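Just so you know, these numbers come straight off a predicted model, no measurement behind them. For the numbers below, each heavy atom of this structure counts, side chains included, while hydrogens, waters and symmetry mates do not.
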Amino acid sequence: MMKTFNYAPASPIKDNITMLAISVGMVVVPFVYPFGIRIGITRILGPTGTAIVFIIGGLILLAVTLNKIRLARALAANGGKIVVDEECVTYPIVKKGTKSDKTFKISDIKHLEHDDEEGELEIFLIDGTQITVYAEFFDSCEQYEEFFALLKK
């Protein structure tokens with residue numbers, strides 16, 4: 001039995017617009033309106049410290065989001081597909097803007113870590129390879145669940 005899954009989002013920027021807005025807000029708000037953190041009358045963190053924490057966190061979140069958008073656009077441009085054929089799984093990877101396909105056997109899976117909140121599936125292989133599959137890159141949630149079920153067999 002061979003099953004093919006489309007693994008390229010239709011609109012990667014639209015899918016990540018909330019994360020882009022939050023990360024930009026975390027960088028801009030401390031400049032426009034500096035604020036500290038207090039509990040009651042006790043100052044926990046002053047305006048400078050709070051600004052530094054928010055700006056660093058916002059820049060990290062922005063970098064992660066932009067990297068995910070870059071990956072999604074590269075997969076969409078090159079027709080990303082995941083193919084499960086009996087025991088073999090072929091999946092796309094993007095390195096330095098070039099898409100290539102890699103293959104692993106389902107029997108080589110050491111364990112799976114499924115994170116519903118982040119929408120990620122971490123696949124750990126016996127040889128130490130770690131593969132991350134994003135749920136939002138599939139056409140639908142049902143296809144993602146079907147792919148996940150095929151790996152658990």
Side-chain angles (χ1 to χ4, degrees), residues 1-33 35 37 45 50-153:
M1 162 189 83
M2 185 168 120
K3 183 73 178 164
T4 302
F5 300 95
N6 186 25
Y7 189 66
S11 56
I13 293 176
K14 185 176 150 187
D15 293 343
N16 290 292
I17 196 78
T18 303
M19 294 307 286
L20 287 171
I22 290 171
S23 60
V24 169
M26 286 177 67
V27 173
V28 172
V29 167
F31 283 122
V32 176
Y33 180 73
F35 61 93
I37 298 175
L45 197 58
T50 305
I52 290 170
V53 168
F54 267 68
I55 291 169
I56 290 172
L59 290 174
I60 290 170
L61 183 60
L62 183 63
V64 168
T65 304
L66 289 176
N67 187 46
K68 190 183 274 189
I69 290 171
R70 180 193 61 78
L71 173 66
R73 291 182 73 174
L75 286 171
N78 295 301
K81 298 211 180 299
I82 295 178
V83 179
V84 179
D85 186 14
E86 296 295 326
E87 179 66 15
C88 290
V89 178
T90 303
Y91 64 98
I93 60 166
V94 176
K95 285 194 179 181
K96 298 180 182 177
T98 308
K99 183 189 88 69
S100 61
D101 291 330
K102 292 233 175 188
T103 303
F104 68 89
K105 292 183 178 182
I106 293 176
S107 60
D108 290 342
I109 296 175
K110 185 176 180 180
H111 72 281
L112 302 169
E113 288 184 14
H114 179 64
D115 187 353
D116 276 335
E117 189 173 305
E118 294 293 323
E120 295 178 352
L121 172 63
E122 299 283 335
I123 304 168
F124 297 91
L125 302 179
I126 294 170
D127 66 1
T129 305
Q130 179 181 344
I131 303 161
T132 303
V133 178
Y134 299 101
E136 65 193 48
F137 287 10
F138 285 84
D139 283 341
S140 66
C141 192
E142 291 80 23
Q143 281 198 349
Y144 173 71
E145 293 295 329
E146 184 180 349
F147 172 72
F148 183 54
L150 288 172
L151 294 182
K152 291 194 307 185
K153 288 184 179 180

Could you walk me through whether Val89 and Leu150 satisfy the side-chain contact (heavy atoms from CB on, under 4.5 Å) test, starting with their C-alpha distance in whole Å, then the side-chain angles of each, then the deciding distance to 0.1 Å, before giving a yes or no?
CA-CA 10 Å; Val89 178; Leu150 288 172; over 6 Å; no
Let me see the working for Val133 and Ile123 under side-chain contact (heavy atoms from CB on, under 4.5 Å), right down to the final yes or no.
CA-CA 8 Å; Val133 178; Ile123 304 168; 3.9 Å; yes
What verdict does the side-chain contact (heavy atoms from CB on, under 4.5 Å) test give for Leu62 and Val27, after you've listed the backbone C-alpha separation in whole Å, the side-chain angles of each residue and the deciding distance to 0.1 Å?
CA-CA 9 Å; Leu62 183 63; Val27 173; 5.8 Å; no
Determine, step by step, whether Ile131 and Ile93 satisfy the side-chain contact (heavy atoms from CB on, under 4.5 Å) criterion, reporting the C-alpha distance in whole Å, the side-chain angles of both residues, the deciding distance to 0.1 Å, and the verdict.
CA-CA 9 Å; Ile131 303 161; Ile93 60 166; over 6 Å; no
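Among all heavy-atom pairs drawn from Thr103 and Cys88, the shortest one is CG2-CB, 4.1 Å. When all heavy atoms of Ser107 and Ile126 are compared, the closest pair comes out as O-CD1, 3.9 Å.
Here the straight-line distance linking atom CG of Leu66 with atom CG of Leu61 works out to 9.5 Å at 0.5 Å rounding. Rounded to the nearest 0.5 Å, atoms CD1 (Ile22) and OG1 (Thr65) are 8.5 Å apart. Atoms CD and CZ, on Glu145 and Phe138 in that order, are 10.0 Å from each other to the nearest 0.5 Å. Going from atom CD1 of Ile55 over to atom CD1 of Ile60 covers 12.5 Å, rounded to the nearest 0.5 Å. We find the CE-CG distance between Met26 and Leu59 to be 9.0 Å, quoted to the nearest 0.5 Å. The distance from the CG atom of Leu45 to the OG1 atom of Thr50 is 3.5 Å, given to the nearest 0.5 Å.
Lys68 has its side chain out of reach of Met19: every pair of non-hydrogen atoms, C-beta onward, lies at least 4.5 Å apart. Under the 4.5 Å side-chain criterion, counting only non-hydrogen atoms from C-beta, Val83 is not in contact with Asp101.
Checking each of Phe104, Phe147, Phe5 against Tyr91 for a ring pair (Phe, Tyr, Trp, His ring centres under 6.0 Å) leaves exactly one that passes, namely Phe104.
The side-chain contact (heavy atoms from CB on, under 4.5 Å) search around Gln130 returns Glu122, Phe124, Thr132, not counting sequence neighbours.
Sequence neighbours left out, not one pair with a member in residues 73-87 passes salt bridge (charged side-chain N to carboxylate O under 4.0 Å, His left out).
The aromatic rings of Tyr144 and Phe148 lie parallel to each other, their planes meeting at an angle below 30°, with 60° marking the opposite boundary.
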